[in-house]
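Values below: every heavy atom of this structure, side chains too, minus hydrogens, waters and symmetry copies. Lettering follows sequence order; numbering is per chain, from 1.
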Number of protein chains: 2
Amino acid sequence: MQFSSRLPIAVHTLLVTEFFKDQFKITSDFIAGSVGVNPVIIRNILIQLKNADLIEVAAGVGGAKLKKSPEEISLLDIFNAVEVNEKLFHIHEHPNFNCPVGKNIQSILNKNLDNVKKTAERELDKITLQSLLNNLR
Amino acid sequence: MQFSSRLPIAVHTLLVTEFFKDQFKITSDFIAGSVGVNPVIIRNILIQLKNADLIEVAAGVGGAKLKKSPEEISLLDIFNAVEVNEKLFHIHEHPNFNCPVGKNIQSILNKNLDNVKKTAERELDKITLQSLLNNLR
DNA sequence: TTTTATTGTAACTCTTGACATTACATCAAA
DNA sequence: TTTGATGTAATGTCAAGAGTTACAATAAAA
């Protein structure tokens, strides 16, 4: 099991948007050319990033740009923009509630696994778009 | 995107195996009755737990039991037993290597996201089967 | 030796999500 | 009004999770 490539593609999109902002108009076709996927994939991700207030996109004339500075955008912001926020694990839904284990399994696992998820989120929040840009040079 | 219910079901399986070890023979049907899924699902998970040396299963006569003490089994051990170990995120495979962003995106994301995964694994490793058993009482 | 309960395992179906692609209406500036 | 983009719907393909049926293999007990 693996997370989809939406986070990687969204990160790539934002990096391209910032890196080339003074040289090119950042259209979905332009981004798609760097990412290597269909432009519609990029447009859908741009919509999600726009809804999360990370970029603005000029309808009609075209072109995207960041709405915050790269220091203010973390991988967690991007992750939350493109992945639906749900439990990390799918817990089986029909345990036997007449069994002492079945009765408690959901609350026990929810508590422990939510904690794991929070730890991973804190880690994602430490990584900024700026630090990734620094790695480019 | 979500991890499958294999880890939750495997944890449930091990808890049942230990909790009822002195009262019942722990067959796949018995476990399935507590988890609320088809016994074949349990048998396949038992095979994975057996391959990871966490339990032993008596073929023919039936019955499972732990091969280590609950203190020695962590959620990470169980996770590794039932989930194929792969990258946390699927990174897009055909970036444009002629682009300074496309050329570096894979190595940058691999490095940063592997680190997030390692953090989550360390967190899973802190949680033992015994601590979950304690929560049952 | 035969019966019995159980495991091991294959085969099949159903459903869902990711991803790719085509198509076209909408939009806003030149 | 033309032009180049975006917004968005529809469709197809593929892979994985989960459930189920079926049955051979196994090992203990009768």
Side-chain angles (χ1 to χ4, degrees), chain A residues 1-10 12-13 16-17 20 24-33 35-52 55-65 67 79 82-95, chain B residues 1-10 12-13 16-17 20 24-33 35-52 55-65 79 81-95:
Chain A
M1 174 53 70
Q2 221 177 14
F3 284 97
S4 76
S5 59
R6 279 202 301 279
L7 175 67
I9 292 177
H12 193 147
T13 292
V16 163
T17 300
F20 292 113
F24 300 99
K25 182 163 80 165
I26 314 297
T27 67
S28 59
D29 267 44
F30 179 76
I31 300 167
V35 175
V37 297
N38 193 287
V40 175
I41 305 286
I42 301 298
R43 282 183 219 143
N44 286 328
I45 287 188
L46 285 176
I47 289 171
Q48 294 183 290
L49 294 174
K50 194 174 60 175
N51 290 339
I55 58 165
E56 49 192 346
V57 181
V61 58
K65 62 178 183 177
K67 247 187 125 173
F79 178 83
V82 299
E83 292 280 348
V84 291
N85 196 5
E86 55 195 346
K87 304 262 179 215
L88 197 51
F89 288 86
H90 178 230
I91 297 182
H92 50 293
E93 282 157 8
H94 309 294
Chain B
M1 177 50 71
Q2 220 177 12
F3 283 96
S4 77
S5 60
R6 278 202 301 278
L7 175 67
I9 292 178
H12 193 147
T13 292
V16 164
T17 300
F20 292 112
F24 300 99
K25 183 162 80 164
I26 313 298
T27 66
S28 59
D29 267 43
F30 178 77
I31 301 168
V35 176
V37 298
N38 193 286
V40 175
I41 306 284
I42 301 298
R43 282 184 218 141
N44 285 327
I45 286 187
L46 285 176
I47 289 171
Q48 293 183 291
L49 294 174
K50 195 175 60 172
N51 289 340
I55 58 166
E56 49 192 345
V57 181
V61 59
K65 61 177 183 176
F79 179 84
V82 298
E83 291 281 347
V84 291
N85 197 2
E86 55 195 348
K87 302 263 179 214
L88 197 52
F89 288 85
H90 178 230
I91 297 181
H92 48 293
E93 281 157 9
H94 308 294

- Query: D:dA5 phosphate, OP1 or OP2: any side-chain N/O from A:S28 under 4.0 angstrom?
  - Reply: no
- Message: Quick check against the 3.5 Å criterion: does A:T27 have a side-chain atom that pairs as donor or acceptor with the backbone of A:F30?
- Response: yes
- Which part of the nucleic acid, if any, lies within contact of B:V40, taking any heavy atom under 4.0 Å across all strands shown: a base, the sugar-phosphate backbone alone, or nothing? base
- Side-chain N,O (A:H90) to OP1/OP2 (D:dA18) below 4.0 Å: yes
- Starting at CD1 of B:I31 and ending at P of C:dT6, how long is that distance when rounded to a whole Å? 12 Å
- Distance col, row B:I91:CD1 vs A:Q2:CD, nearest 0.5 angstrom, shows 9.0 Å
- Query: Between C:dA18, D:dA18, C:dA20, which nucleotide gets closest to the side-chain atoms of B:S4?
  - Reply: D:dA18
- Give the rounded distance in Å between these two atoms: CD1 of B:I91 and P of C:dA18. 17 Å
- Query: Nearest of C:dG8, D:dT6, D:dG19 to any side-chain atom of B:I47?
  - Reply: C:dG8
- Item | Nearest-angstrom distance from the residue atom CD of A:Q2 to P of D:dA16 | 10 Å
- Whole-Å gap separating P (C:dA23) and CG (A:N44): 18 Å
- Query: Could you state the interatomic distance from NE2 (B:H92) to CG (A:L7), rounded to the nearest 0.5 Å?
  - Reply: 10.5 Å
- Message: Is it the case that the side chains of A:E83 and A:S4 hold a donor-acceptor pair, with the cut-off being a distance below 3.5 Å and no angle test?
- Response: yes
- Interatomic distance where CZ belongs to B:F30 and P belongs to C:dT7 [whole Å]: 12 Å
- Note on the structure: Judged by nearest nucleotide, the residue sitting upstream toward the 5' end of DNA chain C, A:N38 or A:R6, is A:R6
- Message: To the nearest 0.5 Å, what is the distance between OG1 on A:T17 and CD1 on A:I31?
- Response: 4.5 Å
- Message: Using OP1 and OP2 only, check whether a side-chain N or O of B:K50 sits under 4.0 Å from C:dT7.
- Response: no
- Take the protein atom NZ of B:K25 and the nucleotide atom C1' of C:dT6, then report the distance between them rounded to whole Å. 7 Å
- Task: Could you tell me the separation between the NE2 atom of B:H94 and the P atom of C:dC19, rounded to a whole number of Å?
- Result: 12 Å
- Nearest to the side chain of B:R43 - C:dC19, C:dG8, D:dA18? C:dG8
- Task: Could you pick out which residue, A:F3 or B:A64, lies toward the 5' side of DNA chain C when each is mapped onto its nearest nucleotide?
- Result: B:A64
- Item | Closest to side chain of A:I41, choosing from C:dA20, D:dG19, D:dA18 | C:dA20
- Item | Side-chain N,O (A:T27) to OP1/OP2 (D:dG4) below 4.0 Å | no
- Here the distance between atom P of C:dT6 and atom CD1 of B:I55, to the nearest Å, is 16 Å
